[in-house]
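Notes for the one structure printed next.
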Amino acid sequence: MKKINQVYHALIDAYGKQGWWPVTDKGEVFPEYKKRKAFSEKQMLEVCIGAILTQNTSWTNVEKAIMQLNKNKLINVNKLAKIDQSKLAQLIRSSGYFNQKAERLILFAKYLLNNYSGSINKFFNKPLQNLRQELLSMHGIGPETADSIILYAAKKPVFVIDAYTKRIFSRLGFCEKDISYHELQKMFHERLDCDFKLFNEFHALIVKHAKQYCKKKPECNNCPLNSKCQKTYKHKNLLNKHDYT
DNA sequence: TACCAGGTCCTCG
DNA sequence: CGAGGACATGGT
């Protein structure tokens, strides 16, 4: 079995299934995505919104913002496309960078409205690569946000790379810490079965593990990947900050 | 108190 | 290209 699969199974054993993406329902934020047969348009839009709002921001801050949007019935393409930008910015204040993000949400909604009659389903009903190119062409949507939307909202198989992925897999010795987004994504695509459920679960586990053990300042005691890690940080108290990578 | 958090865009060299 | 800065809140 490939080493990368061993890492996946070790994470599953340690944390169990994560069941991402977190979605809200009736204005409440649920920590887990309940097993539904298919996302509604509203739920898909909420994932897209969450993907944009969580750019370099903690998810708890994003949850507060999404609850505000829910309260104001703004998880809706038509309404988002029309709302005053400064008003939207205040509603999503908790998610940080609120002026930028308000602009990005409105641009995203307007794009759907102008090109797909506001239908996310229509937009997602495109080949993965075309969808990805279109997402990347939008202002404010870079590779991670695009891939999060493709994987968690459109449910198509692309591996999401984020700061956590780089941190964990460089520490494991799979790559350099400054590897490019594209290169690291290629590593996962070449080594894993092309299965959106696998990509979904794996990435969610990476986030879980990065928050629990493989933090910026790693806590290597009892780390479930300890035996597979090249950097055990056994003497972490003696390390300088720059050695944490 | 300072640092951190599921990035992206812009500007410069 | 790539490095560096701007964007901003809330939790620890």
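Labels below follow one simple rule: chain letters A, B, ... track the order of the sequence lines, proteins then strands, and each chain is numbered from 1. All values reported here derive from a predicted model rather than from experimental measurement.
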For this session: Let me see the working for K42(A) and N70(A) under side chain to side chain contact (heavy atoms under 4.5 Å, CB included), right down to the final yes or no.
Result: CA-CA 10 Å; K42(A) 178 172 182 286; N70(A) 252 315; 3.0 Å; yes
For this session: Could you tell me whether the phosphate oxygens of dA5(B), OP1 or OP2, come under 4.0 Å of any side-chain nitrogen or oxygen in R167(A)?
Result: yes
For this session: Pick base, sugar-phosphate or nothing for I206(A), based on heavy-atom distances below 4.0 Å to the nucleic acid.
Result: nothing
For this session: Quote, to the nearest angstrom, the P distance that separates dA8(C) from dC10(B).
Result: 14 Å
Problem set entry | Euclidean distance, atom CZ of residue F98(A) to atom P of dA8(C) [Å, nearest integer] | 6 Å
Exercise. When the distance from NZ of K101(A) to P of dA5(B) is rounded to whole Å, what number comes out?
Worked result: 14 Å
Problem set entry | Under 4.0 angstrom between T145(A) side-chain N/O and dT8(B) OP1 or OP2 | yes
Exercise. Between F199(A) and F188(A), is a ring pair (Phe, Tyr, Trp, His ring centres under 6.0 Å) present by the stated rule, with each step listed?
Worked result: CA-CA 9 Å; F199(A) 291 177; F188(A) 282 92; 8.4 Å; no
Problem set entry | Nucleotide nearest K216(A) (side chain, heavy atoms from C-beta), chosen from dG7(B), dT9(C), dC4(B) | dC4(B)
For this session: Send over the distance from R104(A) CZ to dA6(C) P, rounded to a whole Å.
Result: 16 Å
For this session: Search all heavy atoms of K156(A) against all heavy atoms of F196(A) and return the closest pair with its distance.
Result: C-CB, 3.9 Å
Exercise. Phosphate oxygens OP1/OP2 of dA8(C): is one of them under 4.0 Å from a side-chain N or O of K64(A)?
Worked result: no
For this session: For I141(A) and for K211(A), find the nucleotide of DNA chain B with the closest heavy atom, then tell me which residue's nucleotide is more 5'.
Result: K211(A)
For this session: Could you check D178(A) against N61(A) and say which one's nearest nucleotide on DNA chain C is further toward the 5' end?
Result: D178(A)
Exercise. Starting at the 5' end of DNA chain B, which residue's closest nucleotide do you reach first, V160(A) or H139(A)?
Worked result: V160(A)
Problem set entry | d(OH, Y97(A); P, dG10(C)) in whole Å | 14 Å
Exercise. At under 4.0 Å between heavy atoms, what does Q100(A) touch on the DNA or RNA strands: base, sugar-phosphate, or nothing?
Worked result: base
Exercise. Stepwise, does the side-chain hydrogen bond (donor to acceptor under 3.5 Å, both in side chains) test hold for Y116(A) with K126(A)?
Worked result: CA-CA 12 Å; Y116(A) 297 93; K126(A) 303 170 71 87; 3.0 Å; yes
